[in-house]
Amino acid sequence: MRATAALLEQAGQPFVLTEVDLDDPRPDEVLVRVAGVGICGTDLEFAGFFPTPALLGHEGAGIVEKVGAHVTSVRPGDHVAMSFASCGTCALCRTGSPAYCRGFDAMNFSGRRPDGSTAVTHEGREVNAHFLGQSSFASHVVAPERAVVKIDPSLDLLRAGPFGCGFQTGAGGVLNVLQPRPGSSIAVFGAGAVGVAAVIAAGLSGCEVVAAVDVNPAKLQAARGYGATHTVDSSAGEAAEQLAALVPEGFDFVIDTTGREDVLRTAVEALGPLGHAGVIGIGPSESMSFEWRSILNGRTVTGIIAGSSLPQLFVPRLLELNAKGRFPVEKMITYFPFEQINEAVAAVRSGAVGKAVLTF
């Protein structure tokens, strides 16, 4: 079938709206008509080097139009959010940790199905797609069954997409991994969409001190509206001193959403004894380094993918909290028509919007 898509013809260049051809879904795949798709920092990061022509996008939500012969969890007409792909057969998938699937990179970042094929072509050329199980910068998606999450049809589909990645990642890092006890302290580095989700989750966990750290005063002000008890403007390079003044004995938990070596080092060094750092961000730094004494006294550093969640359980949980007003991320969403994808990307890069969602 034909679909409207935002192709990346050359890495680092603007997206180009065009028509692509999609295969029919295979026995373990579904065809989803996309209603809305969020723009995530991971999309922007991979747009700089992903092999082209490419179809990115991985915060989609929509309505199932067709299912393969072996699909049992959804049927045509179901409303779904989409998340990452996983094999379902390795030991980690079978024990409830699909975010650490043995084949995660190959299934989500190769641009191909596991057998090397692609469901997307453009003017006879194969397109590198299947990005994080979706490639949802398109009006329609062919996705594996394990990448779709059935959701309540009463929910706003335009809002649901980012729960499959950004909001899930930030909230899951706190709720699923760090699991802070009531009365504890946490610092969240980076007050974008992922960081704000972590701030909200910290509030839900009963943290007494929730410090948001960023270089953007507007984001810090917004973070207070989501539950941050304190904010730290790190633009002057004095974050360590400000954090030490807030919690002299050191924080119980920190989360880094920036992917920057200097930021993560500051975060780890802000921990107290037995403190736990969660590393979420994918950013510009290729390596991380610490002064060796900074991880003594029982400190731990844990890498976290997709909030260490089982999307079929965790995404509906977050959406239910949102519906009850306890996870109010809709306040940070700005909607753009799909045709304005490049304007939306520019707004995300500049920090003018918290979370951009493209609508069809």
Side-chain angles (χ1 to χ4, degrees), residues 41-42 45 97 99-100 166 169-203 205-217 219-220 223 227-308:
T42 303
E45 186 75 18
S97 298
Y100 306 103
T169 296
V174 174
L175 299 175
N176 297 334
V177 181
L178 300 185
Q179 299 182 4
R181 60 194 176 278
S184 58
S185 58
I186 184 170
V188 178
F189 289 75
V194 175
V196 164
V199 165
I200 296 172
S205 301
C207 291
E208 183 175 348
V209 176
V210 182
V213 186
D214 205 289
V215 298
N216 186 323
K219 287 185 176 182
L220 291 174
T229 60
H230 301 79
T231 57
V232 173
D233 185 341
S234 57
S235 59
E238 300 174 352
E241 292 81 359
Q242 295 180 66
L243 291 165
L246 288 177
V247 186
E249 68 275 17
F251 281 80
D252 299 310
F253 304 95
V254 297
I255 276 194
D256 174 58
T257 71
T258 71
R260 294 181 59 94
E261 180 179 7
D262 57 336
V263 175
L264 181 58
R265 182 164 184 161
T266 299
V268 170
E269 292 176 354
L271 288 169
L274 298 179
H276 193 167
V279 183
I280 292 177
I282 297 176
S285 297
E286 294 184 1
S287 62
M288 299 291 173
S289 65
F290 312 103
E291 198 276 328
W292 67 272
R293 282 172 292 220
S294 68
I295 57 172
L296 294 181
N297 297 323
R299 298 181 179 101
T300 59
V301 180
T302 302
I304 303 170
I305 295 175
S308 290

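- The main-chain N or O of Gly190 is never found under 3.5 Å from a side-chain atom of Thr258 such that the two would form a donor-acceptor pair.
- Put simply, the side chain of Phe189 does not reach to within 4.5 Å of the side chain of Ile255, judged on heavy atoms.
- Within the 3.5 Å criterion, the main-chain N or O of Leu220 finds no donor-acceptor partner in the side chain of Asp214.
- Heavy atoms from other residues, nucleotides or ligands lying under 6.0 Å from CD of Glu286 number 12 at most.
- Ser308 and Asn176 are not linked by any side-chain donor-acceptor pair at a separation below 3.5 angstrom, with hydrogens and angles left out of the test.
- At least one donor-acceptor pair under 3.5 Å links the side chain of Asp256 to the backbone N or O of Gly259.
- A side-chain donor-acceptor contact under 3.5 Å links Asp252 to the backbone of Ser185.
- The backbone N or O of Ser234 lies less than 3.5 Å from no partner atom in the side chain of Gln242, so there is not a single donor-acceptor pair.
- Note: Leu296 CG to Glu291 CD = 8.0 Å, rounded to the nearest 0.5 Å.
- Taking both residues in full, the closest heavy atoms of Val199 and Ala228 are given as CG1-N, 3.5 Å, listed atom of the first, atom of the second, then distance.
- Nearest heavy atom pair, residue Ala211 against residue Leu243, reads CB-CD2, 4.5 Å.
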**Item:** Test log, rule side-chain contact (heavy atoms from CB on, under 4.5 Å), inputs Leu274 and Asn297
**Value:** CA-CA 6 Å; Leu274 298 179; Asn297 297 323; over 6 Å; no
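- Under the 3.5 Å distance criterion, the side-chain polar atoms of Arg299 are left unmatched by any main-chain donor or acceptor of His276.
- Taking 4.0 Å as the cut-off between side-chain N and carboxylate O, Arg265 and Glu261 do not count as a salt-bridged pair.
- Across Tyr100 and Ile305, no two heavy atoms sit closer than the pair OH-N, 3.2 Å.
- When side chains are defined from C-beta on, Val188 does not count as touching Val213, because their heavy atoms never get closer than 4.5 Å.
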**Message:** Apply side-chain contact (heavy atoms from CB on, under 4.5 Å) to residues Thr266 and Asp262 and explain how you reach the verdict.
**Reply:** CA-CA 6 Å; Thr266 299; Asp262 57 336; 5.6 Å; no
**Candidate pair Phe251 and Val209, rule side-chain contact (heavy atoms from CB on, under 4.5 Å), full reasoning** = CA-CA 9 Å; Phe251 281 80; Val209 176; 4.0 Å; yes
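- The shortest non-hydrogen separation linking Phe253 to Leu178 is CE2-O, 3.5 Å.
- Inspection of the Thr229 and Glu208 side chains reveals no N or O donor paired with an N or O acceptor under 3.5 Å.
- For the pair Ser205 (side chain) and Ala201 (backbone), a donor-acceptor distance under 3.5 Å is present.
- Among all heavy-atom pairs drawn from Asp233 and Pro217, the shortest one is OD2-CG, 4.1 Å.
- Annotation for Pro180 and Ser184: closest pair CB-OG, 3.4 Å, computed over non-hydrogen atoms.
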